[in-house]
S.K.: 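Let me begin by handing over the structure; questions about it come next.
Numbering of ligands and ligand atoms starts at 1, following listing order.
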Amino acid sequence: MKKRLFSGIQPSGDVHIGNYLGAIKNWVNLIDNYDCIFCIVDYHAITVDYDPVDMQKRITNAVAVNVAAGLNPERCIIFVQSHVPEHTELAWILNTITPMGHLERMTQFKEKAQQHAANINAGLFNYPVLQSADILLYKAEVVPVGADQVQHIELAREVARKFNMCYGNVFPEPHVILSSAPRIMGLDAKTKMSKSLNNYISLVEPPESIWKKLSVAVTDENRKRRIDPGNPEICNIFALHKHFSTQEQIEWSAKGCRTAGIGCLECKKVLSDNIVKELTPIREKAEKLLNDKDYVLNVLQTGAKKCREIATQTMAEVRAKLGLR
Ligand code: AQP
């Protein structure tokens, strides 16, 4: 039997190349070796201010883009978190064994609390408990995520251990799988590329917009003039070259930067062309899927049905251990 894999993505905005390189590409590579479940985590996305009018469109887009990027629903489960009520039921139970101190240490909570100072709600604080429930509900053993989520998965491991210790063995302790690009920086080169910060290239970004964004993206800030040599190792454009360009182009870019043999714009143009080449089939496929009105609906209905079967079984076990029936 294959080990179970679980991972999620928030419908909190445009899926971007950080999500793609840090998570989605890895998911696609792992799909044959694991029993995979991928979740659009809408309950997580409502922990910050958002417009309810946009939510269903964001969910549909997230599904279409993920499928277009290679998550074939014939070979994995794709579903929406709120379609399976057991997620919140298990989260409540796990809340009762999760120490507040552990949640107070979570870096994402501290960052999001700063970013959303006018709405620091209990859901934002408890986000990692719901995430633990998402994973443990399916007894997933592996969780491929970007570096920003590692602390949350470690918490899920602790929560699983504590539950098993207090009430008896139910949950495996999940392990993180990182991609080769666990932290893609935004085009500002200062913060992680994020849906909620306007510092990204979306997976369905049109070619002219990719170039427009890249042409003003931050490079090695010490390289002020075309004739100044730069340091590729601290240049975010070079970091992106490593994921989209050929070995020859990567070497050309590093050498050209160090010797001032090429300008930043020239270097960005090659990167832009490569990103366009990789993203165009994804954008075109996503558009095609979105034109089929029932496609996403069917994928999500099938996914939710399969997930509910697993979730019902786990919750029966959990309730029995807790003496709740
Ligand atoms: N910049 C990134 N580099 C590498 N991996 C990343 N991931 C996110 N940003 C990067 C990984 O993508 C998966 C899905 O992320 P998410 O939607 O659950 O939420 P997030 O990590 O909070 O992503 P965003 O884009 O930053 O969303 P907002 O702005 O809404 O908070 C995860 O595996 C994540 O690690």
S.K.: Taking all non-hydrogen atoms of both residues into account, name the closest pair between D220 and N222 and its distance.
M.R.: OD1-N, 2.9 Å
S.K.: Could you tell me how the ring of Y127 sits relative to the ring of H152: parallel (under 30°), tilted (30 to 60°) or perpendicular (over 60°)?
M.R.: tilted
S.K.: Check the pair C76 / F38 against side-chain contact (heavy atoms from CB on, under 4.5 Å), numbers first and verdict last.
M.R.: CA-CA 8 Å; C76 65; F38 299 107; 3.8 Å; yes
S.K.: Looking at ligand 1, would H16 count as a contact under a 4.0 Å heavy-atom criterion?
M.R.: yes
S.K.: In ligand 1, which numbered atoms sit nearer than 4.0 Å to a non-hydrogen atom of P182?
M.R.: 3 (N), 4 (C), 5 (N)
S.K.: For atom 9 (N) of ligand 1, grab the closest protein heavy atom and report residue, atom and distance to one decimal in Å.
M.R.: K192 NZ, 3.2 Å
S.K.: For the 3.5 Å polar cut-off, considering only N or O atoms, please tell me whether S7 and ligand 1 meet it.
M.R.: no
S.K.: What residue and atom, counting heavy atoms only, is the protein's closest point to atom 22 (O) of ligand 1, and at what distance?
M.R.: Q10 NE2, 3.5 Å
S.K.: Identify the heavy atoms of I262 and C257 that sit nearest to each other, and give their distance.
M.R.: CG1-N, 3.9 Å
S.K.: If you measure only the distance, is there a donor-acceptor pair under 3.5 Å linking the side chains of T314 and E86?
M.R.: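 No, because no side-chain N or O of T314 sits under 3.5 Å from a partner of the opposite role on E86.
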S.K.: N/O to N/O below 3.5 Å, does that happen between Y127 and ligand 1?
M.R.: no
S.K.: Please work out which of the three classes, parallel, tilted or perpendicular, describes the rings of F6 and Y138, given edges at 30° and 60°.
M.R.: parallel
S.K.: Using a strict 4.0 Å cut-off to heavy atoms of A23, name the atoms of ligand 1 that fall inside it.
M.R.: 12 (O), 13 (C), 33 (O)
S.K.: Is any N or O atom of W27, backbone or side chain, closer than 3.5 Å to an N or O atom of ligand 1?
M.R.: no
S.K.: Which residue in the set T60, V65, V67 passes side chain to side chain contact (heavy atoms under 4.5 Å, CB included) when paired with L289?
M.R.: V67
S.K.: Does K213 count as lying over the ring of Y200, i.e. NZ or CZ under 6.0 Å from the six-ring centre, within 45 degrees of the axis?
M.R.: yes
S.K.: If you count the atoms of ligand 1 from 1 in the order shown, which ones are under 4.0 Å from a heavy atom of A181?
M.R.: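 Under 4.0 Å from A181, ligand 1 has these atoms: 4 (C).
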S.K.: Could you check atom 6 (C) of ligand 1 against the protein and tell me its nearest heavy-atom contact, residue, atom and distance included?
M.R.: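 Sorting protein heavy atoms by distance from atom 6 (C) of ligand 1 puts G18 O, 3.6 Å first.
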S.K.: Take D14 and V204 through the side-chain contact (heavy atoms from CB on, under 4.5 Å) test and state the conclusion after the steps.
M.R.: CA-CA 8 Å; D14 296 330; V204 293; 5.8 Å; no
S.K.: Just distances here: any N/O of M193 and N/O of ligand 1 closer than 3.5 Å?
M.R.: yes
S.K.: Show the nearest heavy-atom pair for residues P172 and P174, with the distance to one decimal.
M.R.: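 So the minimum-distance heavy-atom pair works out to O-CD, 3.3 Å.
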S.K.: Any side-chain donor paired with an acceptor under 3.5 Å for H243 and Y20?
M.R.: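 On atom types as modelled, these side chains do not qualify, holding no pair under 3.5 Å.
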S.K.: Below 4.0 angstrom from a heavy atom of R183, which ligand 1 atoms are there? Numbered from 1 as shown, please.
M.R.: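 Per the distance check, 3 (N), 4 (C).
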S.K.: Under 3.5 Å, is there a donor-acceptor pair linking the side chains of D49 and N119?
M.R.: yes
S.K.: Could you tell me if any non-hydrogen atom of K112 lies under 4.0 Å from any atom of ligand 1?
M.R.: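 It does, in that a heavy atom of K112 comes within the 4.0 Å cut-off of ligand 1.
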S.K.: Give the atom numbers and elements of ligand 1 that come within less than 4.0 Å of a heavy atom of I9.
M.R.: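 Result: 14 (C), 17 (O), 18 (O).
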S.K.: Among all protein heavy atoms, pick the one closest to atom 16 (P) of ligand 1 and tell me residue, atom and distance.
M.R.: K195 NZ, 3.6 Å
S.K.: Looking at L197 and K192, what are the two nearest heavy atoms and their distance?
M.R.: CD1-O, 4.0 Å
S.K.: How close does the nearest protein non-hydrogen atom get to atom 8 (C) of ligand 1, and which residue and atom is it?
M.R.: N19 ND2, 3.1 Å
S.K.: Of all the heavy atoms in G8, does at least one lie under 4.0 Å from an atom in ligand 1?
M.R.: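 It does, in that a heavy atom of G8 comes within the 4.0 Å cut-off of ligand 1.
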S.K.: Quick one: which ligand 1 atoms are inside 4.0 Å of a heavy atom on S12?
M.R.: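 Going through ligand 1 atom by atom, the ones under 4.0 Å from S12 are 27 (O), 28 (P), 30 (O).
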S.K.: Which is closest to atom 34 (C) of ligand 1 by heavy-atom distance: V145, D148, I17?
M.R.: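 Checking each option, the heavy atom nearest atom 34 (C) of ligand 1 is found in D148.
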S.K.: Taking distance alone, with N or O pairs closer than 3.5 Å, would you say G146 contacts ligand 1?
M.R.: yes
S.K.: Would you mind running through ligand 1 and noting each atom that sits below 4.0 Å from a heavy atom of G22?
M.R.: 4 (C), 5 (N)
S.K.: Identify the closest protein heavy atom to atom 1 (N) of ligand 1: which residue and atom is it, and at what distance?
M.R.: I184 O, 2.8 Å
S.K.: Could you find the nearest protein heavy atom to atom 29 (O) of ligand 1 and give me its residue, atom name and distance?
M.R.: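 Among all protein heavy atoms, the one nearest atom 29 (O) of ligand 1 is S196 OG, 2.5 Å.
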S.K.: Are W27 and V41 co-members of a hydrophobic cluster defined by side-chain heavy atoms under 4.5 Å apart?
M.R.: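 No, it is not one cluster - the side chains of V41 and W27 are not joined through contacts under 4.5 Å.
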S.K.: Does ligand 1 come near enough to Q108 that some N or O of the ligand is less than 3.5 Å from an N or O of the residue?
M.R.: no
